[in-house]
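Contents: one structure, followed by commentary.
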There are 2 protein chains.
Amino acid sequence: MEENRKVPAVVIKRLPRYYRYLGELLKQDIKRISSGALSQKMNVTASQIRQDFNYFGGFGQQGYGYNVEYLYNEIGKILGLNDGDTMIIVGAGNLGRALASHSNFEKRGFKLVGVFDNNENIIGSTINGVKVMDIRNLEEFLADNRVDIAILTTPKRAVQEVAERLVKGGVMGLLNFSYAELSLPHGVAVENVHISDPMMTLSYKIKQAREGHSV
Amino acid sequence: MEENRKVPAVVIKRLPRYYRYLGELLKQDIKRISSGALSQKMNVTASQIRQDFNYFGGFGQQGYGYNVEYLYNEIGKILGLNDGDTMIIVGAGNLGRALASHSNFEKRGFKLVGVFDNNENIIGSTINGVKVMDIRNLEEFLADNRVDIAILTTPKRAVQEVAERLVKGGVMGLLNFSYAELSLPHGVAVENVHISDPMMTLSYKIKQAREGHSV
DNA sequence: AATATTATGTTATAATATTAACAAAAACAA
DNA sequence: TTGTTTTTGTTAATATTATAACATAATATT
């Protein structure tokens, strides 16, 4: 029932996975689940599940388990989903366009309100119902529209400058897909996604398997 | 100099980041670096860097530090990069096409040898110099070509079946971008990439910042 | 050549994270 | 009901990970 311990980052990182699994259970119309049953499905220990949830006070009931819908919603609240956070995508290349069409963001409660690029040939076109705007009009847009999150899919050389402009314009969080690592004022939330990292990890695992080690 | 301790997964996960940073240093023609200097750039402790490298025997010299190129190459070897691993992409939707055009994979030594889809309109077209093939010909292709890694960007409903066919065809590692989590025989290396997970983590951080907690 | 400095590899210590244990509470069964 | 089973929240024990400390060796300096 203790609520004020600082929640370790490693616990926070696990919440999205819990959330996804619980969403699946919901779809299957499963009303309740025990930590033991969930642990089997998710391949973690029941103890860890209970411990994790307990950082937030615990959401279950002895002898019963957890109400799936309630738990799902509570984790969503912890993560700040469905708060109506808005996002823009900066960089309408292959990856930017793919992400713009990615319906999962909407499913998690994030609303795409703009896409920006500097390529004349792309500016003015529409992706997933959203107009691609000129990056030169970024400041104007940010002044008129609240933007919570920006997804960065620009080339490496552009990303630091763009990030600074976004922060200056009031954007609170950046999801950085570019290769460069950003240095920004304290207080700006940044998550880096380097898609070749898991590829390299995979390469290591394969090598291990080839050499007869367990994977 | 100890080499046979089991290397913790958390250390392996850090290697790609070291590798990327060292690649940057190389480009800047920096020949040597100390754990202290590297730790500042990467925002980790020097102790951790030395400890991490020591799992593999250590690559430095007392009083000198690390030779950047040597260290870069050694980490590459540990990760099994530039071993000529081949890869295919299954699912030529927005994300699959974006990944096919993603030059970083090649930079890390992975060679794209095929793209598969089931959409008649896409089959036969070319992405990044590689022909999109009919998924029905997957087995035939795998019989004729060694494929080490498959990137999965199919819709969720298709991914488990495709994964099984790939494994049967001899593919050793899967990089799964689809929402579903795969259950596969022991010994198959799998890395899951759920791009909405870091988005949710970011949402949490923003919420914390709004509530006045440090990020 | 002698000394001071640098910086590793490695061991020791501290901090975190995971798992196990279990009392208390609710659900279920007889 | 009453007793038995289930299953949580929570504390205790263990294991893992990160940091600090330092002896040793190479480099740099005088």
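We name chains A, B, ... by the order of the sequence lines, and we start the count at 1 in each one.
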Starting at atom [atom1] of [X], determine the distance to atom [atom2] of [N], rounded to an integer number of angstrom.
X       : N      : atom1 : atom2 : answer
B/Phe53 : D/dA18 : CZ    : C1'   : 16 Å
A/Lys13 : C/dA17 : NZ    : P     : 13 Å
A/Gln51 : D/dG9  : CD    : P     : 11 Å
B/Ile49 : D/dT17 : CD1   : C1'   : 16 Å
B/Arg14 : D/dT16 : CZ    : P     : 16 Å
A/Asn54 : C/dT19 : CG    : P     : 16 Å
A/Ile12 : C/dT16 : CD1   : P     : 16 Å
B/Asp52 : D/dT19 : CG    : P     : 10 Å

(request) Taking side chain to side chain contact (heavy atoms under 4.5 Å, CB included) as the test, write out the residues that go with B/Ala158, two or more places apart. (result) B/Thr154
Report the residues that fulfil ring pair (Phe, Tyr, Trp, His ring centres under 6.0 Å) with [X], sequence neighbours left out, ordered by chain and then residue number.
X        : answer
B/Phe110 : none
A/Phe141 : A/Phe116
B/Tyr204 : none
B/Phe105 : B/His102

(request) Among residues two or more places apart or on two chains, list those pairs meeting salt bridge (Lys or Arg N to Asp or Glu O under 4.0 Å) that have a residue in residues 28-51 of chain B. (result) B/Asp29-B/Lys31
(request) Can you tell me which residue pairs pass the salt bridge (Lys or Arg N to Asp or Glu O under 4.0 Å) test with a partner in residues 63-74 of chain B, sequence neighbours excluded? (result) B/Glu74-B/Lys77
(request) Sort by first number and list every stem of DNA chain D: at least 3 consecutive Watson-Crick or G-U wobble pairs, both distances under 3.5 Å. (result) C:1-30 with D:1-30
(message) Please give me every residue in residues 59-67 of chain A whose heavy atoms get under 4.0 Å of an atom in DNA chain D, ordered by residue number.
(response) A/Phe59, A/Gly60, A/Gln61, A/Gln62, A/Gly63, A/Tyr64, A/Gly65, A/Tyr66
(message) Among residues 16-36 of chain B, which ones have heavy-atom contacts with DNA chain D below 4.0 Å?
(response) B/Arg32
(request) Inspect the contact between B/Asp85 and A/Arg210 and indicate whether a charged nitrogen and a carboxylate oxygen are less than 4.0 angstrom apart. (result) yes
(message) Does C/dA21 have OP1 or OP2 under 4.0 Å away from a side-chain N or O of A/Arg50?
(response) no
(message) Tell me if the side-chain of B/Ser47 makes a donor-acceptor pair with the base of D/dA20, cut-off 3.5 Å, by modelled atom types.
(response) yes
Would you tabulate the side-chain donor-acceptor contacts of residues 19-26 of chain B under 3.5 Å, counting partners in other chains and residues two or more places apart, or write 'none'?
unit_1: B/Tyr19; atom_1: OH; unit_2: B/Tyr72; atom_2: OH; d: 3.2
unit_1: B/Arg20; atom_1: NE; unit_2: A/Asp197; atom_2: OD1; d: 3.0
unit_1: B/Arg20; atom_1: NH1; unit_2: A/Glu181; atom_2: OE2; d: 3.0
unit_1: B/Arg20; atom_1: NH1; unit_2: A/His194; atom_2: NE2; d: 3.4
unit_1: B/Arg20; atom_1: NH2; unit_2: A/Asp197; atom_2: OD2; d: 2.8
unit_1: B/Glu24; atom_1: OE1; unit_2: A/Lys156; atom_2: NZ; d: 3.1
unit_1: B/Glu24; atom_1: OE2; unit_2: A/Lys156; atom_2: NZ; d: 3.1

(message) Pairing donors with acceptors under 3.5 angstrom, does anything connect the side chains of B/Asn104 and A/Tyr179?
(response) no
(request) Could I get the full list of side chain to side chain donor-acceptor pair (under 3.5 Å) partners for B/Lys111, not counting sequence neighbours? (result) none
